[in-house]
Amino acid sequence: MQINFIPLNYDYLDIDGKAVARIFGRSADGKRVCILDSCDSFFWVIPKQGLSEKEIEKLGEKIKNVKTESAGREVYIERVELHKKNFLGKQVKALKVVASNQKDIHVIAEIVREFSGVEMKREIDIPYATRYITEKNVLPLTWHSVTGEVLNNSSEFRGIDSILDVDLVIKAEKISAAEEREFNPKVMAFDIEADELEIGRGNILMISMACGKFHKVLTWKKFSGEDYVETCKSEADMLEKFCEYVKKEKPDILTGYFSDGFDLPYLRARAEKNKMKLELGLDSSQPIFARGRITSAKIAGIAHIDLFRFIETAYSQYLQSETLSLDEVASELIGERKHEFKSHSKSEVKAHEWKDYFAYNLQDSVITEKLFHKLWPDLLEFTRVMQEPLFDVSRDGFAQHVENYIIHNLARFNEIAEHRPTHEQIQQRRARQKYEGAFVLQPKPSLYENLAVFDFTSLYPSLIVSFNLSLSTLLPKKEKDSFEIKDVEFEGKKQNYYFSKKPDFIPVLIGEIIKKRKECKKQYKDNPTPLLKARSNAFKILANAAYGYLGFFGARYYCVEAAASTAALGRKFIHEMIDKTNNAGLSVIYADTDGFAFLLNGKKEQEVLEFLKKLNSELPGMMELELEDFYKRGIFVTKRTGEFGAKKKYALLNKKNQMKIRGFETVRRDWCELAREVQNNVLDKILNEGNADSSLNYARGIINSLKKRQVEREKLMIRTQLKRNIEDYITEGPHVTVAKKMIAKGMPVDAGMLIEFYISEGKKGDLIRERAKMPDEPGEYDTDYYIEHQIIPAVENIFAVFGIAKEDLTEKKQKKLHEF
DNA sequence: GGAGTTCGCATACC
DNA sequence: ACAGGTATGCGAACTCC
């Protein structure tokens, strides 16, 4: 039989001592399919340098004869092959050791390690799914043609095909790439409501599901009146029905929002309490909770995607939302909000409130499903680019993405993968001193007119490519015809580092990533599809994270020397651009890392563009400078302490009258709304009007209305994130005190929460934290605190640019303008 | 016990 | 612990007299 098939989920089973890969997915005609296949389980042994071919062959023989037992299985070596491979810039002879079983690779490697003549073992830490994908080229979310035998209760696989809830189980004979076509997965979103937030402590009151037209809320509370609500006999019955509906709807993907951390653990806990099983897997298995920094819930055959995890890592940097709550994120991305539901207590929901509660619960699933479809192009393209299973890609961080991309492309370079750092290596790396990073030019505080900003496109990645910076190209000492990176500040002294000019895999791969991104952007211009945008975005993230990866303690290809050299070259190039710009009669007023702002000094925009062309013609390799924008006005202020200009704090106004505000309190979520609003309006007026006249009156008006308590309390709430557990704080700031109060009141408080509070009046000498109150706590806000600690700090430095002092803001009598 | 300084912490920029 | 370093500025905690 031959079918076209798209892989979604990968796992493997141990059948009669052999690993069998299970690839779940859809066929082109919409059937749910499981492909059974296998690939070699192996690792590499790199013999000691200087061993003759004969001695290596002898070592191979010795390895071939390894036999032992593990977990009741016979462990043996299937075969040993000698290959010519590359490893970190060197050609090596390596032994490919094919093991009887994936699970025994570690056991065998431990034995082999002791053999004389063994220099190192590698790739024992490649997961089976990764190995299968690279070996067989069966790429996730990419269409394939599969030829094989349809299994029907086959004894060969101990009948596993008969227990799988799929339309077809195929034992693969041949799998090859097929023509690309559209794929729209069937997605079910779900959400639970419980009467206690602590996992497992309370009851699950209801479970909602949304899957296309299928909308359902399950509950065991007696209720009638809404078609979509189904009343179950008990909590246990509800859990069972949930599994049944998942089975009936046959989704490819089950999605939730924070479902790794809340919904699925809660479901598991309640299932345990009710002494029943949560049989969601296509083999009727329960979700498996993989322990990592954050636990991930995996369901056999169905891709469980926690959208919160994906948004947190891959998407949050592009969002305006100040929290990553479902409500805020959905509102920004799909323009829909959650329903409101506020009950005094979830354990005492009043009779007339249930209807709203069910509607609220359903809406959460409905918007989660919509959010999923909005993010699907990114999930799809990220998966295709990184080549890891969707489940993993949706949870991986930047470093993992980079590493996955590298590992899935090593075969082209005939390269053996470096191992993950050991615990000791990680500790050492973490303990190292910081190296010197980017250059930031201190601006002179002032209001400027007619500016432009130039930026390097992908500065760091293009430096890594242009100067071949990586672990495998780093030279122990100077060689002729190598790249010399001078004066790299690291460990307290200036050092020189040398990198080979022979291109090797990491810089080559990063070069490809930059090129591919450019191609995507170009294609997108002609044909703006969400998929092209998402693909371009995947390459952008890879390029941006590549530099951070070099200096990341958990990286296989960790290389501080390369990271520090990248930053040093970045400094060199931005300095060169600044000098050339100043020498051309333009005045650079500010710079940060890879871009700088300068005054036109009467020059025409056309002249500036020509100057840009000239700069570009003088840049080496793939380095490129571009115009970010022209600006009518820009303001730079002093630091709160001292006379010097503050870095990373400025506001610009372009020709379309759009403001670009960086670093100011306006863009910081830990300042109250009033302070942010006032500062934003002051900046707006100043940039548009070119002077501070009207904004001064405006600011004074606000201070006066605050004095008269005409400002509603809501605008004075300060929000600060609780970044850790209460007991881990050394010093107790106001938000920690408020969090303690909340705990005392029995409110749910977790690390990661935004704590909201206001500052109330108090006795003289009271600490601020002693006056911090929860939003609904009775009290009067302290007008002095808000004037002196919120409003004035937000605008003082801006007015200082115009010679207006703090006293001029608070004086009761307004001065006439000419007095300034 | 008050003034000045350092430190811890949150958040931003690139 | 889960990409890097650079930077501001608050409020608490410390130092010093």
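Computed from a predicted model, the values in this text were never measured in an experiment. Every chain is numbered from 1 and lettered A, B, ... according to where its sequence line falls, protein lines coming before strand lines.
- Distance from the side chain of A/Phe553 is smallest to C/dG4 among B/dA12, C/dG9, C/dG4.
- For the pair A/Leu767 CG and C/dA13 C1', the interatomic distance rounds to 10 Å; values are reported in whole Å.
- A/Arg432 comes within 4.0 angstrom of sugar-phosphate atoms only, judged by non-hydrogen atoms across all strands, and of no base.
- Taking atom P on both C/dA3 and B/dC7, the two are 29 Å apart, rounded to the nearest angstrom.
- Between A/Arg640 and A/Glu665 there is no salt bridge, since no side-chain nitrogen of the basic residue lies less than 4.0 Å from a carboxylate oxygen of the acidic one.
- Using a 4.0 Å heavy-atom criterion, one finds that A/Arg640 contacts the sugar-phosphate atoms exclusively.
- Across all strands shown, A/Gly554 has no heavy atoms under 4.0 Å from either base or sugar-phosphate atoms.
- Between B/dT11, C/dG9, C/dA12, one nucleotide has an atom nearer to the side chain of A/Arg668 than all others, and that is B/dT11.
- Using a 4.0 Å heavy-atom cutoff across all strands shown, A/Ala399 reaches sugar-phosphate atoms only and no base atom.
- Using the six-membered ring where Trp is involved, A/Tyr315 and A/Tyr318 have ring planes that are perpendicular, over 60° apart on the 30 and 60° scheme.
- Between A/Phe258 and A/Phe308, the ring planes are perpendicular. Angles over 60° get that label, and only those under 30° would be called parallel.
- Backbone-only engagement by A/Tyr650 is indicated by non-hydrogen atom pairs under 4.0 Å involving sugar-phosphate atoms exclusively.
- Using a 4.0 Å heavy-atom criterion, one finds that A/Tyr785 contacts the sugar-phosphate atoms exclusively.
- Between A/Phe539 and A/Tyr405, the ring-plane angle classifies as perpendicular under the 30° and 60° cut-offs.
- A salt bridge is defined here as a Lys NZ or Arg NE, NH1 or NH2 lying under 4.0 Å from an Asp or Glu carboxylate O, and A/Asp592 with A/Arg662 fails to meet this definition.
- Counting only heavy atoms from C-beta on, A/Asp592 has its side chain closest to B/dC14 among C/dG9, C/dA7, B/dC14.
- Across all strands shown, A/Tyr729 has heavy atoms under 4.0 Å from sugar-phosphate atoms exclusively, and none from any base.
- No engagement by A/His401 is indicated, since no non-hydrogen atom pair under 4.0 Å with the nucleic acid exists.
- Nucleic acid contact class of A/Glu732 (heavy atoms, under 4.0 Å, all strands): sugar-phosphate only.
- Residue contacts shown for A/Arg724 are limited to sugar-phosphate atoms, with no base heavy atom under 4.0 Å away.
- Candidate nucleotides C/dT8, B/dG8, C/dG5 were compared by shortest atom distance to the side chain of A/Ile730, and B/dG8 ranks first.
- Distance CZ (A/Arg430) to C1' (C/dC2): 10 Å, rounded to an integer number of Å.
- The residue A/Val667 sits close only to the backbone: its heavy atoms come under 4.0 Å of sugar-phosphate atoms, none of a base.
- A side-chain donor-acceptor contact under 3.5 Å links A/Gln790 to the backbone of A/Cys672.
- Protein atom CG of A/Leu550 is 12 Å distant from nucleotide atom P of C/dG5, rounded to whole Å.
- Spacing between atom CD1 of A/Ile759 and atom P of C/dA12 amounts to 8 Å, rounded to whole angstrom units.
- Across all strands, A/Ala438 comes closer than 4.0 Å only to sugar-phosphate atoms, never to a base (heavy-atom distances).
- Between A/Lys649 and C/dT8 there is no side-chain N or O to OP1 or OP2 distance below 4.0 Å.
- Atom CD1 in A/Ile798 sits about 11 Å away from atom P in C/dG9, given to the nearest Å.
- If you check B/dT11, B/dC13, C/dT6 against the side chain of A/Arg662, the one that comes closest is B/dC13.
- Taking every side-chain heavy atom of A/Phe398 into account, C/dA3 is the closest of C/dC10, C/dA3, C/dA13.
- Closest approach to the A/Lys647 side chain among C/dG4, C/dA12, C/dT8 is made by C/dT8 (side chain taken as heavy atoms from C-beta onward).
- Atom NZ of A/Lys434 and atom P of C/dA7 are 10 Å apart (whole Å).
- Nucleotide B/dC9 holds its P atom 15 Å from the CD1 atom of A/Ile755, rounded to whole Å.
- Here A/His789 does not reach the OP1 or OP2 of C/dC10: none of its side-chain N or O atoms lies under 4.0 Å away.
- Taking the side chain of A/Thr731 as heavy atoms from C-beta on, and the options B/dT11, C/dA13, B/dC14, the nearest nucleotide is C/dA13.
- At least one side-chain nitrogen or oxygen of A/Arg769 sits closer than 4.0 Å to the OP1 or OP2 atom of C/dA13.
- OP1 and OP2 of B/dT11 both lie 4.0 Å or more from every side-chain N or O belonging to A/Lys648.
- Side-chain atoms of A/Arg669 stay outside donor-acceptor range of the base of B/dT11, with no qualifying N/O pair under 3.5 Å.
- Residue A/Tyr460 is classed as having no contact, given no heavy-atom separation below 4.0 Å to the nucleic acid.
- Protein atom CH2 of A/Trp671 is 7 Å distant from nucleotide atom C1' of C/dC10, rounded to whole Å.
- Between A/Glu381 and A/Arg535 there is a salt bridge, since at least one side-chain N of the basic residue sits less than 4.0 Å from a carboxylate O of the acidic one.
- At the phosphate of B/dT11, OP1 or OP2 sits under 4.0 Å from a side-chain N or O atom of A/Gln721.
- Ion pairing of A/Glu673 with A/Arg719 is absent here, as no side-chain N (NZ or NE/NH1/NH2) approaches a carboxylate O to less than 4.0 Å.
- Among the nucleotides C/dG5, C/dA12, B/dC13, the one closest to the side chain of A/Ile768 is C/dA12.
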